[in-house]
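I have placed the structure first, in the form of structure tokens, so that the comments after it can refer back to it.
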Amino acid sequence: MKHKTQIMNNLPILSDLRVFIIVARRAGFAAAAEEMGVSPAFISKRIALLESTLNVTLLHRTTRRVTITEDGERIYEWAQRILHDVDQMMDELSDIRQDPQGTLRVVSSFGFGRRFVAPALSALSREYPNLEIRFDVQDKIVDLVNEGVDLDIRVGDDIDPNLIARKLGANQRILCAAPAFLHREGVPRSLAELSGMPCLVIKERDHPFGVWTLQGPDAREHSLKVTGALASNHGEVVHQWCLDGMGVALRSWWDVKDNIAAGKLVHILPDYYQPANIWAVYVTRLAMSARVRVTVEFLRHYFATHYQGYEPRPRHPVAAGK
């Protein structure tokens, strides 16, 4: 069976409709060209040919931006339905042959994406060479529908109920600090003590800046306002500051477990944590997609083999001193 992309190349109008959807979604030729890995001139030519074929004006073009016309809005809705049906047909055919094909667009956060998802996708590509994988990393919640993303590999349990989520691994965000910091500042014995200590504040995908919401031993949520001299929007920066002894951090188990095992960080207040499991998230229209289903199952097996999920460790006391 031909590769899905080869088949699409033999159906120019379908290929051009895909180009049009990306242009409309990205509101520009340059942005669409970057996503597709082609030149803006190629995008402009395909849109012009599609407009000629359909005998409509799809887009208003100015020097600053591209906007969709009224006719373009109608074509956009039709194109989504048509291409979804074509994708579903190709998925069913590939499912019969156990050979998922086509383009798979995946996103994840910077840290987890680099350390865990990228190697997993490399292994996936070796297993299923007919998949074309496009992987983006960004530390923000992605609109899966409007941005054309197939899978969001997400750390965190706050997931829109309208989306489908499949758990890939167990994880929690835990409180940790360097031994040098704890010797200098003392080991906190309660959340009240922790609130008065320097903390490393981060703005991540799914929790508010400067507020840590933690599950406690009483099975209730505890919100803690934290402050400190250092703050960042990047988890790896905060991790390094924590290793440098600059404050207490709330970090995912996957991120700090090796440093805890090596004694470079200490898990403090172990009765308090933030649920942050690892999920594959996708939209309902992809529920029957062979490439999505195969990918999710592959990632579940891969993480079970290569990723050690959160397991509570006994607390190791650290001598406190000023």
Side-chain angles (χ1 to χ4, degrees), residues 100 103-129 131-142 144 147 149-160 163-176 200 202-207 232-243 249-262 264-265 267 273-283 286 289 291-313:
T103 301
L104 182 75
R105 296 175 178 85
V106 185
V107 299
S108 190
S109 59
F110 281 109
F112 191 77
R114 177 179 61 83
R115 286 179 54 185
F116 291 95
V117 180
L121 294 179
S122 179
L124 175 70
S125 184
R126 288 192 295 271
E127 184 75 15
Y128 300 107
L131 275 178
E132 293 184 359
I133 301 170
R134 301 290 180 265
F135 181 44
D136 291 328
V137 290
Q138 48 190 305
D139 279 332
K140 67 181 183 71
I141 295 293
V142 175
L144 301 184
E147 297 190 36
V149 172
D150 297 310
L151 276 177
D152 182 1
I153 309 305
R154 185 179 302 182
V155 178
D157 292 11
D158 186 14
I159 299 172
D160 189 318
L163 299 173
I164 298 174
R166 295 288 181 261
K167 189 175 178 179
L168 300 179
N171 181 65
Q172 294 177 354
R173 294 188 181 103
I174 63 172
L175 298 162
C176 55
L200 300 167
I202 183 170
K203 175 60 177 176
E204 286 192 310
R205 282 177 149 206
D206 55 354
H207 58 87
S232 176
N233 68 338
H234 202 294
E236 293 183 359
V237 171
V238 167
H239 188 171
Q240 185 58 54
W241 285 341
C242 191
L243 289 169
L250 179 65
R251 297 300 300 150
S252 279
W253 173 248
W254 65 262
D255 190 28
V256 297
K257 63 186 179 70
D258 292 341
N259 283 321
I260 289 175
K264 296 179 181 179
L265 292 176
H267 184 183
Y273 64 93
Q274 188 178 86
N277 294 299
I278 301 159
W279 302 88
V281 181
Y282 51 98
V283 297
L286 293 175
S289 167
R291 65 183 185 276
V292 169
R293 186 180 67 256
V294 166
T295 298
V296 170
E297 288 305 311
F298 181 91
L299 292 177
R300 288 179 64 182
H301 176 74
Y302 182 93
F303 284 171
T305 304
H306 294 84
Y307 169 73
Q308 181 185 1
Y310 178 79
E311 296 177 3
R313 297 289 197 271

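Both backbone and side-chain heavy atoms feed into the values below; hydrogens, waters and symmetry mates do not. Everything quoted here is computed from the prediction, not taken from an experiment.
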Work out which heavy atom in C242 is nearest to a heavy atom in L265; give both atom names and the distance. SG-CD2, 3.6 Å
Side-chain heavy-atom pair Y307, I278 within 4.5 angstrom cut-off: yes
Nearest heavy-atom contact between A280 and V296 is CB-CG2, 3.9 Å
Can any side-chain N or O of N259 pair as donor or acceptor with the backbone N or O of K264 at less than 3.5 Å? no
Going by the rule ring pair (Phe, Tyr, Trp, His ring centres under 6.0 Å), which residues pair with H301 if we only count those two or more places apart in sequence or in a different chain? none
Could you check whether any side-chain heavy atom of V155 comes within less than 4.5 Å of a side-chain heavy atom of W254, counting everything from C-beta outward? yes
Residues in ring pair (Phe, Tyr, Trp, His ring centres under 6.0 Å) with F303, at least two apart? F112
How about F110 and H234: do any of their side-chain heavy atoms sit closer than 4.5 Å? yes
With sequence neighbours excluded, tell me which residues meet ring pair (Phe, Tyr, Trp, His ring centres under 6.0 Å) with F135. none
For residues R291 and T295, report the shortest heavy-atom separation together with the two atoms involved. O-OG1, 2.6 Å
Listed by chain and number, what are the side chain to side chain donor-acceptor pair (under 3.5 Å) partners of R134, not counting sequence neighbours? none
Does the side chain of S289 reach to within under 4.5 Å of the side chain of D150, using non-hydrogen atoms? no
Before you tell me yes or no, could you show the steps for L163 and V283 under side-chain contact (heavy atoms from CB on, under 4.5 Å), namely the whole-Å CA-CA distance, both residues' side-chain angles and the distance that decides it to 0.1 Å? CA-CA 5 Å; L163 299 173; V283 297; 3.8 Å; yes
Between D136 and V107, is there a donor-acceptor pair closer than 3.5 Å when you use the side chain of the first and the backbone of the second? no
Shortest non-hydrogen contact from W253 to I260? CZ3-CD1, 4.0 Å
Report all side-chain donor-acceptor pairs from residues 119-127 shorter than 3.5 Å, counting only partners two or more places apart or in another chain.
residue : atom : partner : partner atom : Å
S122    : OG   : R126    : NH1          : 3.0

With a 4.5 Å limit on heavy-atom distance, are the side chains of L200 and R251 in contact? no
Using a 3.5 Å distance criterion without hydrogens, assess whether the side chain of H239 forms a donor-acceptor pair with backbone atoms of G235. no
Any side-chain heavy atom of R115 sitting closer than 4.5 Å to one from D255? yes
Between S252 and N171, what is the shortest heavy-atom contact and its length? OG-ND2, 3.3 Å
Residues in side chain to side chain donor-acceptor pair (under 3.5 Å) contact with S232, at least two apart in sequence or another chain: none
